[in-house]
Amino acid sequence: MNIFHKVLAAAVLVLLAGTTNTVLAGSQTTAEPQYSATQIVRFAKGIERQLAQDGARAVIIARAGRPANELPKGISFTHTAVAIYSQITLQNGEMAYGYAIHNLYQSPNNRGRSFLMTDYPVDFFWGAVDLRAGIIIPSVVMQKRIIDLVSTSDHRKLHNTKYSVLANPYNNMYQNCTEFTLDIVNAAVYETTNQARLKRNAQQYFSAQKVNESRMKLSMGSMVMKDLTLRDHKRTVRTATFGSLAAYMQQYGLAKQVYIVNSDLTLSQL
C-alpha cells in the first residue's frame with residue numbers, strides 16, 4: 001500500500017533523525033519473517049476460516065508492516081489488496097479452494113515502479129511485522145462485480161506502473177497499492193475502467209487520508225528516494241489508506257462488514 005514504506009522511513013530517519021515516527025513498510029513482495037512459520041500459517045489459515053465463516057468471496061485485505069504504536073495517526077495498515085475465493089493449483093498438482101490475493105507490489109529493482117502479482121494468505125503475511133489484518137467484506141453486489149472485474153483481467157487496465165508511496169488518489173500520475181485497490185472498488189461501483197471518470201468520482205466522493213507530516217520533511221525525503229514524490233500533490237498531501245477506504249465503503253453502503261483480525265484471531269473494530 002501501499003502507502004508509507006521502509007523507503008519513506010529511511011528518508012525521514014536519515015534526514016530528520018528523532019523528529020518523526022513515520023516508520024512504515026508495506027508493498028514489497030519479500031521481507032524477513034518476524035514470526036515463526038507455524039505462527040504465520042496459523043494466522044493465515046485462521047483468517048481464511050473467518051472469511052469462509054462470513055461467506056466472503058471477495059474481500060479487501062490489509063497487513064501491518066509496523067506495530068500499531070509506530071504508525072502515524074490515521075494509519076492502521078501499510079499494504080492493501082483484493083482477495084478472491086478461487087480454485088488454486090497446489091504444488092503437488094491437486095486442486096483446492098482458497099483465497100488468491102491480487103496485489104500491486106513495488107519492483108525490487110526499481111523502487112519507482114510497480115507490478116501486479118497474485119499470492120496467497122501465508123505469502124501475504126510472511127513479512128508482516130505485526131500479525132494483524134484489516135478486513136473489508138464488500139456488499140454482495142460489490143463482491144460479484146469485483147470478482148467479474150478480476151476474472152476478466154479488466155482490473156489490470158487500472159494499473160499505473162509509476163509508483164509513489166504517497167500517491168495522490170485523485171489523479172493518475174502515480175499509484176500505490178491502496179489507490180489501486182480503491183480504483184478496483186470504484187471500477188466495480190461505476191462499472192467502468194475509464195480512468196478519467198474514476199478519478200473525477202474519487203475527487204467527489206472519496207476522502208483521502210491527510211498525511212500528518214510536514215511538507216518540508218516529505219520534500220527532503222523525496223530528493224533522495226525514488227519512490228517518494230510530491231509532484232502529484234498540491235499544498236496538502238493526501239493519500240489512500242485502508243482506513244479511508246473502509247470509511248468510504250461504509251459511508252456509501254459498499255461494505256457489509258469491516259473489522260480487524262488480531263494476532264490471537266480475535267476480532268475487533270477498526
Side-chain angles (χ1 to χ4, degrees), residues 1-6 9 21-86 88 90 96-103 105 117-139 143 177-178 181 209 240-250 254-270:
M1 230 185 133
N2 159 77
I3 48 183
F4 311 148
H5 297 261
K6 285 181 180 176
N21 66 349
T22 307
V23 184
L24 301 158
S27 292
Q28 300 169 29
T29 55
T30 58
E32 289 297 319
Q34 304 298 307
Y35 296 85
S36 70
T38 300
Q39 288 174 303
I40 296 168
V41 170
R42 175 181 174 274
F43 183 71
K45 294 300 182 184
I47 287 177
E48 288 198 281
R49 286 193 297 271
Q50 180 63 50
L51 296 178
Q53 179 180 313
D54 292 333
R57 299 189 64 83
V59 179
I60 310 301
I61 189 168
R63 73 178 180 219
R66 299 297 301 178
N69 62 0
E70 293 184 10
L71 295 174
K73 182 179 179 181
I75 308 293
S76 300
F77 297 95
T78 59
H79 178 67
T80 308
V82 170
I84 294 179
Y85 191 69
S86 310
I88 297 167
L90 303 178
Y97 284 90
Y99 288 90
I101 303 178
H102 302 269
N103 303 272
Y105 281 132
M117 177 178 171
T118 302
D119 58 18
Y120 305 95
V122 171
D123 309 303
F124 186 80
F125 292 106
W126 191 255
V129 174
D130 192 352
L131 278 186
R132 293 180 294 125
I135 300 293
I136 304 171
I137 299 179
S139 68
Q143 287 187 55
C177 65
T178 310
T181 305
Q209 173 70 46
T241 62
F242 176 81
S244 60
L245 179 57
Y248 168 65
M249 293 183 70
Q250 288 177 305
L254 306 176
K256 185 168 68 171
Q257 287 179 271
V258 175
Y259 55 80
I260 292 173
V261 182
N262 302 302
S263 59
D264 61 358
L265 297 175
T266 59
L267 307 185
S268 59
Q269 298 300 307
L270 181 65

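Just so it is clear, the model here is predicted, and its values are computed rather than measured.
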| request: Identify the heavy atoms of A133 and I47 that sit nearest to each other, and give their distance. | output: CB-CD1, 3.5 Å
| field | Exam field: side chain R63 to backbone F124, donor-acceptor pair closer than 3.5 Å | value | yes
| Positive for side chain to side chain donor-acceptor pair (under 3.5 Å) with N103, one of T80, D119, D123 | D119
| query | After noting the C-alpha distance and the side-chain angles of I61 and F242, does the key distance pass the side chain to side chain contact (heavy atoms under 4.5 Å, CB included) rule? | reply | CA-CA 9 Å; I61 189 168; F242 176 81; over 6 Å; no
| Relative to the ring of H79, is the ring of Y105 parallel (under 30°), tilted (30 to 60°) or perpendicular (over 60°)? | parallel
| message | Please give me the minimum heavy-atom distance between A64 and T78, naming the atom from each residue. | response | C-OG1, 3.8 Å
| Is it true that a side-chain atom of Y99 and a backbone atom of A58 form a donor plus acceptor pair closer than 3.5 Å? | no
| task | Answer whether the closest heavy-atom distance between the side chains of V41 and F125 falls below 4.5 Å. | result | no
| Contact summary for I136 and A255, nearest pair of heavy atoms | CG2-CB, 3.9 Å
| Heavy-atom side-chain proximity of V261 to L267 below 4.5 angstrom | yes
| Heavy atoms, side chains only, cut-off 4.5 Å: are I101 and P121 in contact? | yes
| Verdict with reasoning, H102 to I84, per side chain to side chain contact (heavy atoms under 4.5 Å, CB included) | CA-CA 8 Å; H102 302 269; I84 294 179; 4.2 Å; yes
| query | Parallel, tilted or perpendicular: which describes the rings of Y97 and Y85, with under 30° parallel and over 60° perpendicular? | reply | parallel
| note | Taking every heavy atom of R49 against every heavy atom of R42, the minimum-distance pair comes out as NH2-O, 4.5 Å
| Sub-4.5 Å side-chain heavy-atom contact between V82 and I60 | yes
| said: Between D264 (side chain only) and T266 (backbone N and O only), is there a donor and an acceptor less than 3.5 Å apart? | reply: yes
| field | I135 side, atom CD1; Q50 side, atom CD - distance, nearest 0.5 Å | value | 8.5 Å
| task | Give the intermediate values and the outcome of side chain to side chain contact (heavy atoms under 4.5 Å, CB included) for residues F77 and L270. | result | CA-CA 10 Å; F77 297 95; L270 181 65; 4.1 Å; yes
| field | Distance in Å, Q250 CD paired with L245 CG, rounded so as to fall on 0.5 Å steps | value | 10.0 Å
| message | Give me the atom names and distance for the closest heavy-atom approach of S268 to N262. | response | OG-ND2, 3.3 Å
| Are any non-hydrogen side-chain atoms of I75 and Q209 less than 4.5 angstrom apart? | yes
| task | Under the side chain to side chain contact (heavy atoms under 4.5 Å, CB included) rule, what do Y259 and I137 come out as? Steps first, then yes or no, please. | result | CA-CA 9 Å; Y259 55 80; I137 299 179; 3.9 Å; yes
| message | Looking at R132 and S76, would you say the former's side chain and the latter's main chain have a donor-acceptor pair under 3.5 Å? | response | yes
